[in-house]
Amino acid sequence: MDMEDDTVQVRENSAEDTEMLELPKDPAEVKASEFIKGESSKEIPVESQQPELPENVVLQSLEKEEFIIKLAVGQQSEIIKNAILDGRGENPVPLLNVSAPILAKAIEFWKRHIDAAEGEDLTEWDKAFLGDLSQEVLFELAAAANYMESKSLLDCTCKFIADIIKEMKVEEVRDYFGIECDFTEEEERKMREDNAWAFEQ
Amino acid sequence: MPPHPEWTAAMFPDEVWEHVFSFLPSDADRNVAAASCHAWLRIERRSRRRVFVGNCYAVAPAVAVARFPEARAVEVKGKPHFADFDLVPGDWGGGADEWVAAMAEGWPQLEELRFKRMVVSDDCLEVIARSFRNFRVLGLAFCEGFSTAGLAAVAANCRNLRVLDLQENVIEDNCSHWLSHFPESFTSLVHLNIACLPGEVNVPVLERLVSRCTNLKTLKLNHAVPLEKLVILLRKAPQLVDLGTGRFSGEHHLDLYSKLESAFTGYKSLKSLSGTWEAVPAYLPAVYSVCEGLTSLNLSYATTQNPELIKLVSRCKSLQRLWVMDFIEDDGLAAVASSCKLLQELRVFPSDPYGPQPVSLTERGLVAISAGCPMLHSVLYFCNQMTNAALIAIALNRPNLTRFRLCIIEPQTPDYLTLQPLDAGFSAIVESCKDLRRLSVSGLLTDRVFKSIGAYADRLEMLSVAFAGDSDAGLHYILSGCKSLRKLEIRDCPFGDKPLLANAAKLETMRSLWMSSCSLTLGACKLLARKMPRLNVEIIDERRGASWDSRPDDCPVEKLYVYRTVAGPRSDTPSCVWTV
């Protein structure tokens, strides 16, 4: 996550340089003021101009409950990342499809993954984390990961759900996922046959 | 535990289910998901990228293509396995034309295509070359029907080809310059296996190809590349991971050895080595520098003998896979057992099965390997003698065996010490090796061994039987047991109609059954076909005599091939095949 490094750096610089004013939003304004001052201050190319980035991000759940997290933690969701970095000034970031308990779990996941040491294998932690959840929370978390575009969380939850399906029979799958069979008997027989007879190892 | 009753699967958007399915490891799991409800069927079949068809006649090509519209990789298999032993007539079938036509029509985004034991024409190769913009992988194994002209079309048109893997095919050589058809701008090759190519190879063209394909990881040459040229090629591709050296012999030059040695010393990444080495002991030490890192060594076509062979193999301390000729002998296998502790797969092939000077390879070599190599799980072993005691020892040493194929060359050979059948030995194998998935039995065997196999081999998927058993009971034990059986191939056994008919339903749970030179009659085959309309019951008769319609029910059936299919009887049966 290169952008993340850049933003941390910008934050640090800004904190140390007490003389730096809040950057104006209009690039033309910068050039004009420099000209007026007559100083040969650094050219700030328009492209690299960045709005000031917050250290923390406030997330707002479905119930309008607010969660404060570090920027780096939140950037594991593309939605959150884009909201901040696109300078839309959306702070707090509204996540209207995610309920508070689910958002809390997502944050817990992201925090653990951000804190991971270089090359640390989190597979066991992931399994234990997800294994502790009720099925309802697990599925809501996967749906939230999809909505918030968090690849790491989505991959993890989906793989976990796939592992549940693995080696189940069709009836067990339907039971577990609350799926109603909407095939006719004939359709079902034909499909099982097609599958097993034609398209299996 | 069922989920909260208010939550339903409908709350997930399709793309999340698609993502879940992408983590399912097997087609069987995907099939279960697809069978759950209409929504999942739709999602699964639209997102299946890798399609496997184990029997090309089990489903119509157009149906397969329509079923999985987003396929990017496909593998299709044709002839039964016994075709490798010339038991299946050349014109039996397995043609790829209809498959290629359907794929060209319905899968323009196809990237990978693999055919095994199919008849692939040059026309097929031309269609493949023209039809798939993003084509990257072509794998043909044990196929026939094409020539180097067809390969030229692939070379000329597949701009993004990464893999061209030709394994054990029968190829006609009518375009020896086919390699030149790869354009100068073509650089994407990662894997080139031309080991089975019969003709000459234009080495300068190959050199240029190898030079510009800087990502080349696998290069397997054919016999036509002499040692002097090999050295040049090696220098152009020091990044290779998998090398097939071809014949590894050539005209003697003074400094050829040192050039060869220094070329190999440059190979830091080599993991896999193979070649049709023709008795070149003097040059073998040149490869010593790569031995330590090798995980795979394939000398199944090499005539190198001991002591050079032992010296070479004992240096390969990281070996996981060893394919070798019986020249290795018991002494060599003992050395492997003490040097190659990571060995997982061993195949020992016969050099001259019926020759006057048998090599000293016996059951002792296999016992030594089973004792010394704790990770060994896959064995193919050709030998002349065996004992029950040896098999029992192997079974106890290696309960982790998943594939065990023993081929005692002379049919019906008993335990040479006790002169007993080898029932006890093979029974021990199936009782001890609970994860056994593939088994080939040989030697003198009675119905008793099949009783054990039927009862204990719960995970067995493929069984090969030859010259074994006493009566119908043998076949009945197999078909009424072996819960996971998918493929059964039998030759020269006294198995008749009764067990076949009594276990007709079992055949719908299996991919295929092959029986040749057994005691089957036409009447039974007709009954079977009538009872099980969704099986194709094929009688194969190479004498192509009078029509089978008019023959009496007690007419013996020499070759029978039965397989389940959703496509009905095939329309391309040659004159030697009659679908009952």
Side-chain angles (χ1 to χ4, degrees), chain A residues 97 99 102 131 133-151 153-184 187-201, chain B residues 1-13 15-41 44-45 48 51-60 63-64 67-68 75 461 486 508-511 534 563-567:
Chain A
N97 277 0
S99 69
I102 302 302
L133 306 177
S134 72
Q135 280 76 4
E136 186 189 2
V137 171
L138 171 65
F139 294 132
E140 288 193 43
L141 190 57
N146 183 54
Y147 166 71
M148 294 190 289
E149 294 176 39
S150 172
K151 181 167 179 7
L153 183 58
L154 185 64
D155 281 353
C156 195
T157 46
C158 286
K159 175 157 197 330
F160 192 83
I161 297 170
D163 284 346
I164 294 171
I165 296 177
K166 218 163 63 168
E167 296 189 18
M168 266 192 180
K169 297 210 205 343
V170 179
E171 292 76 17
E172 292 170 307
V173 168
R174 287 186 186 139
D175 263 336
Y176 184 87
F177 291 94
I179 297 175
E180 213 185 286
C181 172
D182 55 358
F183 292 117
T184 66
E187 277 178 332
E188 186 166 348
R189 187 199 62 80
K190 180 165 192 331
M191 192 207 354
R192 287 198 199 215
E193 228 166 68
D194 279 5
N195 287 348
W197 293 18
F199 304 116
E200 217 167 273
Q201 286 287 344
Chain B
M1 275 187 290
H4 195 286
E6 277 164 29
W7 190 92
T8 66
M11 289 177 177
F12 262 4
E15 70 248 28
V16 179
W17 286 122
E18 202 179 296
H19 202 59
V20 169
F21 298 160
S22 73
F23 291 104
L24 289 173
S26 73
D27 287 341
D29 292 323
R30 289 190 75 107
N31 288 343
V32 162
S36 303
C37 61
H38 272 114
W40 278 26
L41 170 62
E44 192 282 314
R45 72 176 196 84
R48 191 181 296 205
V51 175
F52 175 80
V53 178
N55 175 0
C56 65
Y57 290 120
V59 63
V63 168
R67 173 70 188 270
F68 300 110
E75 179 177 4
E461 295 177 0
R486 289 188 300 112
E508 274 189 359
T509 68
M510 293 164 50
R511 187 187 297 169
R534 286 169 318 177
Y563 54 91
R564 63 187 180 182
T565 176
V566 300

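As a basis for the values below, the full set of heavy atoms in this structure was taken, side chains included, without hydrogen atoms, waters or symmetry mates. Just so we're on the same page: letters track the sequence lines, and every chain starts at 1.
- Looking at A:Leu138, neither its backbone nor its side chain comes within 4.5 Å of chain B, counting heavy atoms on both sides.
- One distance of note links OG of B:Ser26 with NZ of A:Lys166; it measures 9.0 Å at 0.5 Å rounding.
- Contact count against chain A (heavy-atom pairs under 4.5 Å) is highest for B:Val566 among B:Thr509, B:Val63, B:Val566, B:Asn55.
- In this pair, B:Phe68 and A:Phe199 present their aromatic rings perpendicular. The plane angle is above 60°, beyond the 30 to 60° band.
- When atom types are taken as modelled, the side chain of B:Arg564 and the backbone of A:Ala196 share a donor-acceptor pair closer than 3.5 angstrom.
- Counting heavy-atom pairs under 4.5 Å between each of B:Val59, B:Asp27, B:Asn31 and chain A puts B:Asn31 at the top.
- Of all heavy-atom pairs between A:Cys158 and B:Phe23, the closest is CB-CE1, 3.7 Å.
- One finds the OG atom of B:Ser36 at 13.5 Å from the NZ atom of A:Lys169 (value rounded to the nearest 0.5 Å).
- Both the backbone and the side chain of A:Val170 come within less than 4.5 Å of a heavy atom in chain B.
- Side-chain polar atoms of A:Asn195 and B:Arg45 form no donor-acceptor pair below 3.5 angstrom.
- Atoms CZ and CG, from B:Phe12 and A:Asn146 in turn, are 8.5 Å apart once rounded to the nearest 0.5 Å.
- In this structure, CG on A:Leu154 lies 9.0 Å from CD on B:Glu15, to the nearest 0.5 angstrom.
- Between the CH2 atom in B:Trp17 and the CZ atom in A:Phe177 there is a gap of 4.5 Å [rounded to 0.5 Å].
- Within the 4.5 angstrom heavy-atom criterion, only side-chain atoms of B:Arg511, from C-beta onward, approach chain A.
- Of the two parts of B:Glu461, neither the backbone nor the side chain holds a non-hydrogen atom closer than 4.5 Å to a non-hydrogen atom of chain A.
- In this structure A:Lys151 satisfies the side-chain contact (heavy atoms from CB on, under 4.5 Å) test together with A:Asp155, sequence neighbours excluded.
- Only the side chain of A:Glu187 comes within contact range of chain B, judged by heavy atoms closer than 4.5 Å.
- When heavy atoms are compared at a cutoff of 4.5 Å, B:Tyr563 does not approach chain A at all.
- Rounding to the nearest 0.5 angstrom, the gap separating the CG atom in A:Asp194 from the CZ atom in B:Arg67 is 6.0 Å.
- Contacts between B:Val51 and chain A at a heavy-atom distance below 4.5 Å involve the side chain alone, from C-beta outward.
- Summarising the geometry of B:His38 relative to A:Asp182, their closest heavy-atom pair is N-OD1, 2.8 Å, with the distance given to 0.1 Å.
- By number of non-hydrogen pairs under 4.5 angstrom with chain A, the leading residue of B:Ala64, B:Ala33, B:Ala567, B:Cys37 is B:Cys37.
- Ranked by heavy-atom pairs under 4.5 Å with chain A, the list B:Ala58, B:Ala39, B:Cys56, B:Ala28 is led by B:Ala28.
- For B:Arg30, no part sits under 4.5 Å from any heavy atom of chain A, backbone or side chain.
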